[in-house]
S.K.: 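Dropping the structure in here first, questions after.
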Amino acid sequence: MEKVEDIVIVGGGIAGLTASLGLHKLGIRSLVLESSHGLRITGFAFSAWTNAWRALDAIGLGDSLRQQHKQFLWNVATSTITGDQTTAMSFKAKGKLGDHELRCVNRKLLLEALANELPSGTIRFSSKVVSIEESSFYKLVHLADGTIIKTKALIGCDGVNSVVAKWLGFKAPAFTGRAAIRGWINFKSNHGFEPKLLQFMGIGFRSGFLPNDDTSIYWFFTSNEKDMEDDPAKLKQFALSKLANVPDEIKAIVENTELEYIMLSPLRYRHPWTLSGETSVKAMCLAGALLTKEQSGESTEKVDSESEQYKKIEMGLKNYAKERRWRSIVLISTAYVVGFFQQGDGKLTTFLRDKLLAAFLSALLLKRADYDCGKLNIS
């Protein structure tokens, strides 16, 4: 069975649903293919910085989500080695483009907000992409259930193990050498923590504690340990053993987190140099990074008319590539370098982190977040 769609987005996570909603706001229909049976809400929460809130404002969801998530006023980091506070950075300072903004966003609430704004039928669940092929100016997307979807433009938002990325020729994502334990707890009543990002740095690890709202807290523990067993009970005990020197109220957050709300995520990334160089997008791209696939056409009248439309699609994706490529390289490089020092396990790196670089690394992240994606418009 073959279906025809103008735009297909592979992956119904945050990137995929946001891309679809942005198109919808411009009056452009898209189809989102999601392999799972429902919204993927694993991961619990994440920190959304200034640039993310500007993007949420652009698609019309910023104000409603702000009402459900506390704004952080401070980023406070402490060394578990010395017990000294290494960073106390205010988020009240203005950036080049305006006020800074950081909130910890509940992933489930965000995905539901995105999905609720999309027209019925936009998301096709249980739709695993198994292969992609070219047919003149179209892409044929083959699904596991035998369905073939013919599309003029294909956007990959399917994560580090992306089928679209593999088809485009991206190499497999590399392992950073670090993994993150993530947890989330709902106290059912007011937890009493101030709206601050609290971080604790040790030998080979970094942990963070971020209130979602008045009753729930998201926490993470990023470590250089390469052989952590994916067992929630053991992950909890491992994190607690490393957090022995933090305040009791912080340890209590980890201790009281139910095992079903603890997960392990190996951290992977794409080498930034794979995103450099000249690209010529052929109606297919990844959100955040781009490669190309050459395509040939036919010299018929039908192809001539389709060719004009195809060129418009190609030009739009080329403009996206030009706008996004360098920022992707900078973001990946920054995240890797900051992580290298923040999870340092050598005497030199921990000394540099705690004594010299703590404020600089925090300010560097704030600087990268001082970015404006702009408003939705048809050019």
Side-chain angles (χ1 to χ4, degrees), residues 43-49 72 74-89 91 102 104 174-185 193 196-212 217-228 230 234-255 257 262-269 331-369:
F44 314 127
F46 63 95
S47 55
W49 294 60
F72 293 101
W74 289 89
N75 171 23
V76 179
T78 302
S79 170
T80 63
I81 303 170
T82 65
D84 296 333
Q85 183 175 289
T86 59
T87 305
M89 183 177 67
F91 289 121
L102 173 63
C104 184
F175 180 49
T176 62
R178 303 187 286 268
I181 303 171
R182 307 180 195 276
W184 183 82
I185 179 172
F193 284 88
K196 296 179 180 179
L197 166 56
L198 299 177
Q199 297 190 78
F200 298 89
M201 314 291 187
I203 298 176
F205 75 86
R206 174 176 68 106
S207 61
F209 299 83
L210 305 87
N212 277 140
I217 291 178
Y218 166 69
W219 60 269
F220 64 85
F221 181 94
T222 307
S223 172
N224 292 347
E225 187 74 29
K226 296 180 176 61
D227 299 316
M228 286 191 288
D230 194 2
K234 292 181 179 179
L235 293 173
K236 177 190 280 193
Q237 291 307 312
F238 176 76
L240 286 171
S241 70
K242 298 292 185 179
L243 295 172
N245 295 330
V246 305
D248 289 342
E249 60 268 25
I250 296 298
K251 284 187 286 190
I253 295 173
V254 179
E255 289 172 344
T257 301
I262 297 176
M263 63 179 291
L264 179 67
S265 302
L267 302 180
R268 297 185 173 88
Y269 75 114
L331 286 176
I332 292 171
S333 302
T334 299
Y336 186 88
V337 170
V338 171
F340 175 81
F341 281 102
Q342 288 186 333
Q343 280 93 245
D345 53 11
K347 290 183 178 180
L348 178 59
T349 52
T350 53
F351 173 81
L352 290 173
R353 178 194 67 196
D354 293 345
K355 300 297 184 181
L356 300 174
L357 296 177
F360 169 77
L361 294 173
S362 296
L364 188 60
L365 293 178
L366 199 60
K367 182 179 179 180
R368 295 291 176 257

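Values below: all heavy atoms of this structure, side chains included; hydrogens, waters and symmetry mates excluded. Given the structure is predicted, the values throughout are model-derived calculations rather than measurements.
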S.K.: Report the distance from atom CD1 of I181 to atom OG1 of T222, rounding to the nearest 0.5 Å.
M.R.: 8.5 Å
S.K.: From L365 CG over to F360 CZ, what is the distance, rounded to the nearest 0.5 angstrom?
M.R.: 10.0 Å
S.K.: Distance check, rounded to the nearest 0.5 Å: Q199 atom CD versus N75 atom CG?
M.R.: 5.0 Å
S.K.: Mind checking the CD1-CD1 spacing from I262 to I185? Nearest 0.5 Å is all I need.
M.R.: 9.0 Å
S.K.: Is the side chain of S207 donor-acceptor paired with the backbone N or O of F200 at a distance under 3.5 Å, no angle test?
M.R.: yes
S.K.: Decide if atom NZ of K236 counts as having more than 12 heavy atoms of other residues, nucleotides or ligands within a radius under 6.0 Å.
M.R.: yes
S.K.: Should we count CZ of F175 as having more than 12 external heavy atoms under 6.0 Å?
M.R.: yes
S.K.: Is there a side-chain contact (heavy atoms from CB on, under 4.5 Å) between F221 and L243? Walk through the geometry before answering.
M.R.: CA-CA 10 Å; F221 181 94; L243 295 172; 4.2 Å; yes
S.K.: If you take all heavy atoms of C104 and P211, which pair is closest and at what distance?
M.R.: CB-O, 3.7 Å
S.K.: Just wondering, more than 12 heavy atoms not from I250 lying within 6.0 Å of its CD1?
M.R.: yes
S.K.: Are there over 12 heavy-atom neighbours, none belonging to F193, within less than 6.0 Å of that residue's CZ?
M.R.: yes
S.K.: Is there a side-chain contact between F205 and E225, using heavy atoms and a 4.5 Å cut-off?
M.R.: no
S.K.: What pair of heavy atoms forms the shortest contact from I203 to T350, and how long is it?
M.R.: CA-CG2, 4.5 Å
S.K.: Can you tell me how far the CG atom of L366 sits from the CZ atom of R368, to the nearest 0.5 Å?
M.R.: 11.0 Å
S.K.: Picking from L210, T78, V76, V246, what satisfies side chain to side chain contact (heavy atoms under 4.5 Å, CB included) with L198?
M.R.: V76
S.K.: Rounded to the nearest 0.5 Å, what's the gap from CG on L264 to CZ on R182? Could you check?
M.R.: 9.0 Å
S.K.: Hey, can you tell me if W219 and F209 have their rings parallel, tilted or perpendicular (30° and 60° cut-offs)?
M.R.: parallel
S.K.: Name all residues meeting the ring pair (Phe, Tyr, Trp, His ring centres under 6.0 Å) criterion together with F46; count only those two or more places apart in sequence or in a different chain, and write none if there are none.
M.R.: none
S.K.: Closest approach of T87 and S362, non-hydrogen atoms and distance?
M.R.: CG2-OG, 3.7 Å
S.K.: Can you find a heavy atom in the side chain of S223 that is under 4.5 Å from one in the side chain of M228?
M.R.: yes
S.K.: Flag the pair Y336 / R178 as yes when at least one side-chain heavy-atom distance between them is below 4.5 Å, and no otherwise.
M.R.: yes
S.K.: Please confirm whether the backbone N or O of G202 pairs with a side-chain atom of R353, one donor and one acceptor, at under 3.5 Å?
M.R.: yes
S.K.: Considering non-hydrogen atoms only, spot the tightest contact between F72 and L197 and give its length.
M.R.: CD2-N, 3.5 Å
S.K.: Quick one: does any side-chain atom of S79 pair with a main-chain N or O of I81 as donor and acceptor, under 3.5 Å?
M.R.: yes
S.K.: Between S241 and F238, is there a donor-acceptor pair closer than 3.5 Å when you use the side chain of the first and the backbone of the second?
M.R.: yes
S.K.: Hey, can you tell me if Y218 and F220 have their rings parallel, tilted or perpendicular (30° and 60° cut-offs)?
M.R.: tilted
